[in-house]
Each structure stands twice: as structure tokens, then as C-alpha cells.
Amino acid sequence: MEKFLLKNIENPNSADIAEYIKTGGYKALSKALELKPSDIIDEVKRSGLRGRGGAGFPTGMKWAFAAADSKKPKFILCNADEGEPGTFKDRPILEKNPHLLIEGMIISGYALQAEYGYIYLRGEYPEAKDILEDAIKQAHDKGYLGDDVLGKGIRFYLHVHQGAGAYICGEETALIESLEGRRGQPRIKPPFPVNEGFLSKPTVVNNVETLANIPYIMEIGAEAYSKLGSPDCPGPKLYSVSGHVKMPGVYELPMGTTLREIIYTHCGGIRDGKKLKAVIPGGISTPILPPEKIDCPMDFVSMPKHGSMLGSGAVIVFDETVDLVKVCLRAMKFFEHESCGKCTPCREGVGWLRAIIERIYNGSGTEKDIDLLLEVSKNITGKTFCPLGDGAAGVVQGFIKDFRHEFEQHISKQVKAAA
Amino acid sequence: MLNERVVIEINRIKSKYHDAQSSLLPALYVVQREYGWLSPDAVAAVGDVLNVPRTTVKGVATFYSMFRHKPMGRHLIQLCTNVACMIMGAERLVDILKTRYGLEPNSTTDDGRFSLVVMECIGACATAPAMLVDTDFYDNLTEERIADILENYK
Ligand SMILES: Cc1cc2nc3c(=O)[nH]c(=O)nc-3n(C[C@H](O)[C@H](O)[C@H](O)COP(=O)(O)O)c2cc1C
Ligand code: SF4
């Protein structure tokens with residue numbers, strides 16, 4: 001498949017505006033500015049684009065909600081927090097193809113009649129900050145940003161806002177709280193950000209990859225775009241693959257490529273002649289899958305039918321040597337550390353999950369502990385303020401569903417040692 | 001408490017935002033870059049410059065894991081230990097920093113040369129294990145490579 005999101009990134013100067021323009025960059029913006037804002041929103045709706053941040057919400061619909069709200073000013077926020085462990089797909093766009101994101105944001109700003117955009121960038125990407133700020137300056141000097149975009153009398157300003165190491169700030173309402181200079185704790189929904197977001201004004205929050213798809217839709221048209229990838233989830237998708245494959249990396253493939261194709265066709269299979277033991281398909285918050293289930297298409301609609309989720313498309317591959325109880329423990333330490341502390345089931349419950357898994361791992365668990373894990377996780381599911389707590393509970397349930405025997409082995413080893 | 005340059009920089013940042021409190025995170029970064037950490041006095045002074053209550057600033061500063069509340073060594077090592085790095089040997093690297101430099105997570109070497117913070121994912125999973133030293137990024141780390149790299153930080 002021809003690359004769009006990662007086009008030209010082998011070129012060492014790909015982040016430079018001259019190179020970007022040479023390969024057709026900013027043409028989509030000129031085209032978009034000939035359209036009415038409402039026509040752009042219709043076009044995005046018809047393209048079928050779904051948000052790439054994890055939830056898969058239809059982008060055109062989100063924009064239409066914000067556009068329909070009469071409050072002003074409006075804001076467009078780019079979610080570049082990329083904190084989901086295993087995920088590094090937005091990074092090549094931010095560092096190698098920043099103008100694609102900037103172009104997508106200017107188009108979305110025009111469509112929403114928003115004059116200000118912010119890129120909320122995770123603190124762990126200091127290089128990306130410099131690259132984005134240089135790119136914004138270049139775009140400003142060329143007249144794509146500023147007081148009079150391309151001489152059309154439109155104003156659009158873009159700023160980079162650096163996060164400071166809090167995973168929860170990837171959740172859109174926590175991101176807004178953080179951008180307002182507060183602790184990054186999620187807000188109750190409704191009201192949704194499209195009506196009351198940044199500074200209580202209509203705000204669209206979109207993932208980096210989502211916004212990077214906008215110029216493509218403008219370029220080839222909604223009709224052609226909607227035929228790419230899966231019928232219910234069209235377009236190209238970035239998959240970040242890590243762990244025990246021969247060629248880990250970020251792959252731009254049609255949405256709906258199966259896990260098997262990703263692992264064996266594109267990443268060369270399992271390294272060192274080992275066997276596949278398990279895959280986390282969409283970042284650490286998505287339930288782990290056994291090898292029997294890797295024929296599922298990786299899209300937002302198919303994955304839930306196979307017992308997991310597409311999430312951020314971050315595939316972590318484990319070979320036969322990995323102790324999955326240890327992986328589960330590390331995942332739970334992550335959630336415990338990143339719980340924002342706002343609601344009790346997550347703040348306390350996730351700590352308990354971690355403690356129980358830790359004692360199983362350390363050899364002091366009992367047979368009852370596995371059921372206790374399931375019970376505690378059931379008491380978290382559906383009772384938390386935001387999806388972080390739910391996610392943690394689902395992860396534990398996923399490990400036990402398909403890999404209960406690994407937990408049992410840790411426990412029986414202990415029983416044997418005591419005897 | 002804050003030097004004049006820092007105050008000017010904070011005020012410049014403030015003018016980019018629609019409201020003063022939105023500039024709080026960038027302002028705290030400016031202070032941390034200048035002094036290496038956020039002392040209680042500095043945190044209070046940021047509140048005064050932005051006209052945000054001091055307790056609010058303290059609450060914010062302590063929420064985010066990249067803000068430091070004690071003095072750090074000359075160089076800050078931020079080493080990822082999340083799952084993708086863990087299965088590629090990040091724990092060995094933590095051990096090596098301990099044996100070779102006497103450096104435990106969340107501590108500083110006696111000579112003040114290095115501080116170590118163990119991180120959640122830093123987005124380098126394809127080339128794990130990985131770390132940041134100050135703002136420089138290193139991946140594909142091995143026992144030898146980490147030692148060679150750190151030799152360049154005195
Ligand atoms: C705990 C948590 C962490 C999240 N982290 C991110 C993130 O790092 N990047 C991202 O784009 N979306 C993240 N999201 C999803 C956002 O809340 C939001 O749905 C997304 O930014 C919307 O953009 P999209 O419609 O373009 O996908 C996270 C959600 C939750 C609950
Ligand atoms: S579920 Fe966890 S992260 Fe989300 S609001 Fe509750 S405590 Fe915070």
C-alpha cells in the first residue's frame with residue numbers, strides 16, 4: 001500500500017517545510033479553503049474516519065457537534081500525549097512529518113471556525129517539541145498560520161503545550177484540565193468537550209493520527225477514502241509493534257489488517273526461532289490474546305468480537321520464554337502509579353489487584369487469590385469515573401481468562417516448595 | 001526568589017494563553033530548567049507571578065511526575081521499565097546502575113553526578129530498552145552501551 005501518514009519519512013529532511021511542499025504538502029489546505037466549513041465537516045463525516053486515539057469515535061460527528069454549538073471562541077486540541085505503554089505511532093508523525101499534523105489542524109480549525117489550536121505533547125518527547133516549534137514557525141513564515149492564512153482573511157494560531165508525565169492526561173477531559181493549569185483529573189461527562197471543553201468553550205480533542213488523516217481525505221475525497229481499509233473503519237492505520245518480533249517498528253497498513261499478518265508478514269515473525277505465547281494487541285490497557293486468536297482483523301469493530309480492543313494499535317508480542325504473571329504485575333504497577341486518585345474503586349481497587357498479583361508472583365499466593373482477583377476486578381468494572389480503572393480491571397480478567405494456568409503454576413510451585 | 005530572566009520568560013509565556021493559569025505547567029518547566037528542581041519557595045513565587053493561589057500551584061506541581069521536588073544530580077537518567085522494555089532487559093540495566101554507580105531509583109549518586117528516575121513508557125518500544133539522559137534520547141541499550149553513554153556525562 002502506498003504510504004500517506006509516513007510518506008517521505010526516510011528523507012532526513014522530511015520535517016522541513018520545503019520538502020513537505022515538494023511532495024504535495026499544503027495542497028489539501030488550499031483545496032479545503034475553497035470549500036465552506038460545513039462542507040469540510042460533511043466530507044469528513046462521509047469519509048467514515050474514526051478517531052485513532054483509542055475509542056474510535058466518528059470524527060465528522062464530533063466536529064459537527066462542536067460546530068453546532070453557538071458559544072465562541074472554539075478550540076481544537078491535538079492529543080499528542082501518547083502515553084499508552086507500547087504505543088509509539090504518533091511519534092514519527094510528530095518528529096518526521098510535523099507539517100502533515102499542522103496542515104490537518106489548520107483545516108480542522110477552519111472547519112470548526114476555531115482560531116486557536118494547541119498540541120498537548122507528552123513531556124517525554126523533548127525532541128518532538130523542538131521539531132514542532134520549528135515547523136510551526138516555518139508554517140507561520142509561509143503564511144499558512146497567523147493573522148491571514150493564505151490571504152483568505154482567516155486567522156489560525158498554533159501552540160505546543162508540554163505535559164509533565166501523567167498518563168491520565170491522555171484522557172481528553174483530564175487533558176483539558178491540565179491545559180488549564182490544573183491537576184490532570186477527568187471531568188464528569190456530560191457536558192462533553194464539544195460543548196464545554198477548554199475554558200468551558202466548544203472544543204474538539206483529536207489524536208495526532210486522526211488529524212494527520214484529514215489532508216488525505218481532502219486530497220483523495222471522502223468517497224475514495226471510505227473504500228480503504230475495513231468497511232466500518234476505513235483508512236490507513238499506524239500499528240506500533242514491539243516485543244519479540246524480528247522487525248519491530250511502526251507500520252502503516254490498511255485498517256483491519258489481521259494480527260497474524262502484522263506479526264508474520266510485516267514484522268518477520270518471532271525472533272530467535274521461538275514460539276509465540278501471547279499478544280497484547282492495542283496497548284497495555286487492552287486484554288491480552290492467545291495465539292489461537294490472532295486471525296482477528298485489527299479494527300475498532302472486529303477486535304471487541306474477539307475479546308479485546310484495537311486501542312492505540314500498539315501490538316506487544318511475547319515469545320514462549322516470557323512469564324506472563326510478571327507482565328501482568330508490571331501492567332498493574334503502571335495503573336496503580338497512574339491512577340489519578342479521584343475515585344475509590346480505581347485508586348484502592350487497582351492497588352489491591354497489584355498487591356494480590358505481586359504475592360502470587362513472589363510465591364506467597366494461594367489458590368483463592370485467583371478468584372479474589374476476579375472478584376476485585378468485577379467490583380471496579382463499571383464503577384469508575386473514567387476508563388482507566390475499567391481498563392485495569394479488564395486487563396486482569398483478560399490474563400486470567402486465557403492464561404489462568406500461569407497463575408496456578410506460580411501458586412503450585414510455592415505449595416510444592418513448602419512441602 | 002525567581003531571577004529576573006525567569007520572571008520575564010514566565011510573563012512572555014503567559015501572554016500566549018487565554019488565561020493566566022493555563023501557563024502554569026510551562027512556567028513550572030521554566031523554573032525547573034533554571035534551578036534544576038522546584039523548591040517550595042519557587043513554587044510559591046510562580047503562584048505570585050501568575051496570580052494563582054500558592055496552594056493551587058503546589059497541588060499542580062506535585063501531581064505531575066516530571067516535576068522534581070528535591071535537588072537533582074547534574075544529569076538526570078530517565079530509564080523506561082514498562083513491559084516492552086522489561087522483556088528486553090531493562091531490569092538488568094537498573095541492576096547495573098546500582099552496582100556500577102551505586103544509583104538506586106529515585107536517588108542521586110554521592111558525587112552529585114547522576115540522578116535516576118524509573119519511567120513508565122517513553123515511546124521507544126521498537127528499540128527497547130531505552131532512556132533519556134537530560135533531554136538526550138538513547139535506545140537499543142545493552143550493559144556495555146549504557147556504560148559507554150554515561151561516560152560522556154561528567
Ligand atoms: C486513560 C486514558 C488515556 C488516554 N490516552 C490517550 C492518548 O495518549 N492519546 C490519545 O490520542 N488519546 C488518548 N485517550 C483517548 C482520549 O480520551 C480521546 O478519546 C481521544 O483523544 C479523542 O481523539 P480521537 O477521536 O481522534 O481518537 C485516552 C483515554 C483514556 C481513558
Ligand atoms: S478511574 Fe482512576 S484515573 Fe479515572 S478518574 Fe477514577 S481514579 Fe482517576
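Lettering of chains follows the sequences in order, A, B, ..., and the numbering in each one begins at 1.
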*Asks:* Sort A:I168 into side chain, backbone, both or neither according to what part of it lies under 4.5 angstrom from a heavy atom of chain B.
*Replies:*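 The side chain, not the backbone.
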
*Asks:* What part of A:S178 is in contact with chain B, defined as an atom under 4.5 angstrom from a non-hydrogen atom: side chain, backbone, both or neither?
*Replies:*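 Both backbone and side chain.
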
*Asks:* Measure the OG1-CZ distance between B:T56 and A:R183 for me, rounded to the nearest 0.5 Å.
*Replies:* 10.5 Å

*Asks:* Using heavy-atom distances under 4.5 Å, tell me whether A:C340 contacts chain B through its side chain, its backbone, both, or neither.
*Replies:*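 A:C340 touches chain B through backbone and side-chain heavy atoms alike.
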
*Asks:* Applying a criterion of heavy atom separation less than 4.5 Å, what residues of residues 107-118 of chain B form contacts with chain A?
*Replies:* none

*Asks:* What part of A:P248 gets closer than 4.5 Å to chain B, counting heavy atoms only: side chain, backbone, both or neither?
*Replies:*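 Both parts, backbone and side chain.
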
*Asks:* Determine whether B:C121 and A:F88 satisfy the following criterion, side chain to side chain contact (heavy atoms under 4.5 Å, CB included), listing intermediate values before the conclusion.
*Replies:* CA-CA 9 Å; B:C121 190; A:F88 48 101; over 6 Å; no

*Asks:* Please flag which part of A:K89 lies under 4.5 Å from any non-hydrogen atom of chain B: side chain, backbone, both or neither.
*Replies:*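 Contact with chain B is absent: no heavy atom of A:K89 under 4.5 Å.
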
*Asks:* Quick check: under 4.5 Å, non-hydrogen atoms only, which of residues 20-44 of chain B neighbour chain A?
*Replies:* B:Q21, B:S22, B:L24, B:L25, B:P26, B:Y29

*Asks:* Report which part of A:H337 has an atom under 4.5 Å of a heavy atom belonging to chain B: side chain, backbone, both, or neither.
*Replies:*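 The side chain, not the backbone.
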
*Asks:* Determine whether the aromatic ring centres of residues A:Y118 and B:Y17 are separated by less than 6.0 angstrom.
*Replies:* yes

*Asks:* Less than 4.5 Å to any heavy atom of chain B: does that hold for the side chain of A:V317, its backbone, both, or neither?
*Replies:*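 Just the backbone, heavy atoms under 4.5 Å.
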
*Asks:* Is it the side chain or the backbone of A:F198 that comes within 4.5 Å of chain B heavy atoms, both, or neither?
*Replies:*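 For A:F198, the contact with chain B is made by the side chain alone.
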
*Asks:* Within the structure provided, determine whether A:P126 and B:L132 are in side-chain contact (heavy-atom separation under 4.5 Å).
*Replies:* yes

*Asks:* Check whether A:R182 reaches the backbone of B:V60 with its side chain - one donor and one acceptor, N or O, closer than 3.5 Å.
*Replies:*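 Absent.
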
*Asks:* Hey, mind stepping through A:K201 and B:H18 against side chain to side chain contact (heavy atoms under 4.5 Å, CB included) and telling me if it holds?
*Replies:* CA-CA 12 Å; A:K201 301 293 188 212; B:H18 292 74; over 6 Å; no

*Asks:* Look up atom OH in B:Y64 and atom SG in A:C169, then write down how far apart they are to the nearest 0.5 Å.
*Replies:* 4.0 Å

*Asks:* Give me the contact list for residues 136-154 of chain B versus chain A, heavy atoms only, anything under 4.5 Å, ordered by residue number.
*Replies:* B:F137

*Asks:* Chain A contacts: which residues in residues 79-96 of chain B have a non-hydrogen atom closer than 4.5 Å to it?
*Replies:*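 Within residues 79-96 of chain B, the residues under 4.5 Å from chain A are B:T81, B:N82, B:V83, B:A84, B:M86, B:I87, B:M88, B:E91.
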
